[in-house]
*Asks:* 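Mind having a look at this structure? Questions to follow.
These values consider heavy atoms only, across backbone and side chains, with no hydrogens, waters or symmetry-generated copies. Since the structure is predicted, the reported quantities are computational estimates derived from the model, not experimental observations.
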Amino acid sequence: MNKSFDLNADVGRMVYVKPIAVTDLPREVRDQADGLEQLFAVHDAEGQQLALVANRKLAFKLAVQNDYAPQPLH
């Protein structure tokens with residue numbers, strides 16, 4: 001049952017999920033937020049935003065479906 005794992009193997013496939021206040025977003029995005037106060041952004045390791053979705057669960061599911069390892073950011 002002793003099996004070693006390379007914990008750094010998927011670092012290149014890691015993305016970060018963080019909450020973003022709708023008020024901090026550009027006007028055209030705020031207009032599409034449908035009354036939400038917070039959205040969740042998915043960023044790659046270099047900080048580039050890959051997606052902006054309505055909730056945390058969806059952000060994690062989207063990352064996993066695209067073979068990324070999601071990590072929460074505060």
*Asks:* How long is the straight-line distance from CD of Gln49 back to OH of Tyr16, given to the nearest 0.5 Å?
*Replies:* 16.0 Å

*Asks:* Rounded to the nearest 0.5 Å, how far does CZ of Phe60 lie from CD of Gln65?
*Replies:* 14.0 Å

*Asks:* If I compare all heavy atoms of Val15 with all of Asp44, which pair ends up nearest, and what's the gap?
*Replies:* CG1-CA, 4.3 Å

*Asks:* Considering non-hydrogen atoms only, spot the tightest contact between Pro72 and Arg56 and give its length.
*Replies:* CB-NH2, 3.6 Å

*Asks:* Grab the two heavy atoms, one from Lys18 and one from His43, that are nearest each other, plus how far apart they are.
*Replies:* CE-NE2, 3.7 Å

*Asks:* So do Glu37 and Val22 actually touch side chain to side chain, heavy atoms under 4.5 Å?
*Replies:* no

*Asks:* Do the side chain of Asn66 and the main chain of Tyr68 share a donor and acceptor less than 3.5 angstrom apart?
*Replies:* no

*Asks:* With side chain to side chain contact (heavy atoms under 4.5 Å, CB included) as the test, pick out the partner of Phe40 among Ile20, Leu58, Leu73, Val17.
*Replies:* Val17

*Asks:* Does Leu52 form a side-chain contact (heavy atoms from CB on, under 4.5 Å) with Leu25? I'd like the steps, not just the answer.
*Replies:* CA-CA 11 Å; Leu52 189 60; Leu25 296 170; 4.1 Å; yes

